[in-house]
Amino acid sequence: MPELPEVETVRRALAGQVVGRTIRQVRVHRPDTIDLPGNPTTTNPTAANAAAGLNGPIVAGSACSSTGSDTLQGAANRLLCGQRISGVVRHGKQLAWWTEPSGAPTTTHKTGKTKRKNSASGYGELGKHAGWPAVGVHLGMTGCLRVFDGGRGCERGRADRMRAEWGGHTHITWELDDGLTIAFQDPRRFGHVWVFATGEQLRAHRWAGLGPDALTITGEELHRRLGRTRRAIKAALLDQSLVAGLGNIYTDELLHVCRVHPRAPAASLSVRRTKRLADGARTLLAEAIEHGGSTLRDYADPLGQPGAFQAHHAVYARHGQACPRCQSKLSVTRVASRTTTYCSHCQRK
DNA sequence: AGGTAAACCTACTTGC
DNA sequence: TGCAAGTA
DNA sequence: GTTTACC
Ligand SMILES: [Zn+2]
């Protein structure tokens, strides 16, 4: 469920809490939820998992790392310990934070609240952070990043204590110098964490294949991109390489707002119509962000706050109920293997 | 190429 | 009440 | 939510 508005809500809350803080300790409680691409010591997943897997977390550089083969946790700590979080950024549903040595003069930008327009999407503003370690996160369906006060009770792999204090499914934690702990939690484990030696590598490996951010894409650009596929508009909008950030909820909502049938061929839409889609996306997503995103079951922001935008959904999960615009019964079908709700009266093919 | 289904998982809801 | 199936 | 396989 985390789509662009939920990820942006997480980004803002996280930025406000952790930018400027220095990472003291990374703990890997579930090795299969993290990767360190390009790290020579962790290229053998079998050895790394075997070393870090069954006996609970192992502290950085501790004597616990039995063999010469390194652990994911050790490698993550080597990259991140002593690094100060300099900014939290997002592109589509991808979240990341850059770091810099904590000794360096402060260049942190707290984009948690206001900054210049579009500071959210960090695609173009890697800048001077390009050369330092960076962390990438994708939340999948049920992932969330929480910020907890404390975490000292979770040392030495006290899984039971951690579970009691923070709930289950905590896979990766970053302990900060002010006592706060960032926790990546994800029951279904469709989400993932990546640690790169440089922000430049993160951008190249994780973001290069994404289309423009759905919050800022222009009508012209969207029209150009939709024009080169024969797929249905819904399938095209869900394709992160065409436009990044839309998922099942906001695609259905957007198509309803713009009165476009989900099966309409993407390339058949006029420039004018496509421009309205881009404008509609900006308006819809901005409004959703203002409400802290949508919580259907388990989504919560870093402080545990649920979103409120689900109350404003016109179609999603409302099949059989009345269309807010024309009062006719909303239809349900399947497009791109996803449950799709729309109004057959408002959204003509 | 594009459509479809399964795979990766847990947890909650539905139906018998 | 319990358990399988369906869904997110 | 994303990736992969198959038609
Ligand atoms: Zn309608």
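Reminder, nothing fancy here: chain letters follow the sequence lines and each chain counts from 1. Reckoned from all heavy atoms, side chains included, excluding hydrogens, waters and symmetry mates.
Between the CH2 atom of A:Trp174 and the CG atom of A:Leu145 there is a distance of 6.0 Å, given to the nearest 0.5 Å. Here the SG atom belonging to A:Cys81 is positioned 5.5 Å from the CD atom belonging to A:Gln25, to the nearest 0.5 angstrom.
Around NE2 of A:His291, the count of heavy atoms belonging to other residues, nucleotides or ligands within 6.0 Å exceeds 12.
Relative orientation of the A:Trp166 and A:Phe148 rings is parallel, given thresholds of 30° and 60° on the angle between their planes. The aromatic rings of A:Phe309 and A:His313 sit perpendicular, their planes meeting at an angle over 60°, well past the 30° parallel limit.
For C:dC3 and B:dC9, the P atoms lie 24 Å apart once the distance is rounded to whole Å. Rounded to the nearest Å, the gap between the C1' atom of B:dG3 and that of C:dA8 is 22 Å. Only the P atoms considered, C:dT1 is 26 Å distant from B:dT10, to the nearest whole Å.
Here the P atom of nucleotide D:dT3 and the NZ atom of A:Lys93 are 10 Å apart, to the nearest Å. Between the C1' atom of C:dA8 and the CG atom of A:Asp186 lies a distance of 13 Å, rounded to the nearest Å. For the pair A:Asp35 CG and D:dT2 C1', the computed distance is 15 Å after rounding to whole Å. Distance, A:Arg338 CZ to D:dG1 C1': 7 Å, rounded to whole Å. Counting to the nearest Å, the P atom of D:dG1 and the CG atom of A:Leu95 are 16 Å from each other. Regarding A:Asp298, its CG atom lies at a distance of 12 Å from the P atom of D:dG1, rounded to whole Å. Between the CE atom of A:Met141 and the C1' atom of D:dT3 there is a distance of 14 Å, given to the nearest Å. We find that CG of A:Asp239 is positioned 15 Å from C1' of D:dT4, with the value rounded to whole Å.
B:dC9: no Watson-Crick or G-U partner with both key distances under 3.5 Å is found in any strand. Across all strands shown, nothing is found opposite B:dA1 as a Watson-Crick or G-U wobble partner with both distances under 3.5 Å.
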**Report entry** side-chain hydrogen bond (donor to acceptor under 3.5 Å, both in side chains) assessment of A:Thr339 paired with A:Arg334
**Finding:** CA-CA 5 Å; A:Thr339 298; A:Arg334 213 146 162 94; 3.2 Å; yes

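Side-chain contact between A:Pro101 and A:Gln83: present, with at least one pair of heavy atoms (C-beta onward) separated by less than 4.5 Å.
Within residues 240-250 of chain A, no residue has a heavy atom under 4.0 Å from DNA chain B.
Among A:His319, A:His261, A:His256, the one residue that satisfies the ring pair (Phe, Tyr, Trp, His ring centres under 6.0 Å) test with A:Tyr342 is A:His261.
Residues A:Tyr299 and A:Glu3 bring no donor and acceptor atom of their side chains to less than 3.5 Å of each other. A:Thr170 and A:Gln185 share a side-chain donor-acceptor pair at under 3.5 Å.
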Requested in this report: Scan nucleotides 8-13 of chain B nucleotide by nucleotide, 5' to 3', and note B when protein non-hydrogen atoms come under 4.0 Å of the base, S if they reach only the sugar-phosphate, - if neither.
Outcome: BBBS--

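For B:dG2, one of the phosphate oxygens OP1 or OP2 lies less than 4.0 angstrom from a side-chain nitrogen or oxygen of A:Thr229.
Looking at heavy-atom distances under 4.0 Å, A:Ala232 makes contact with sugar-phosphate atoms alone, never a base.
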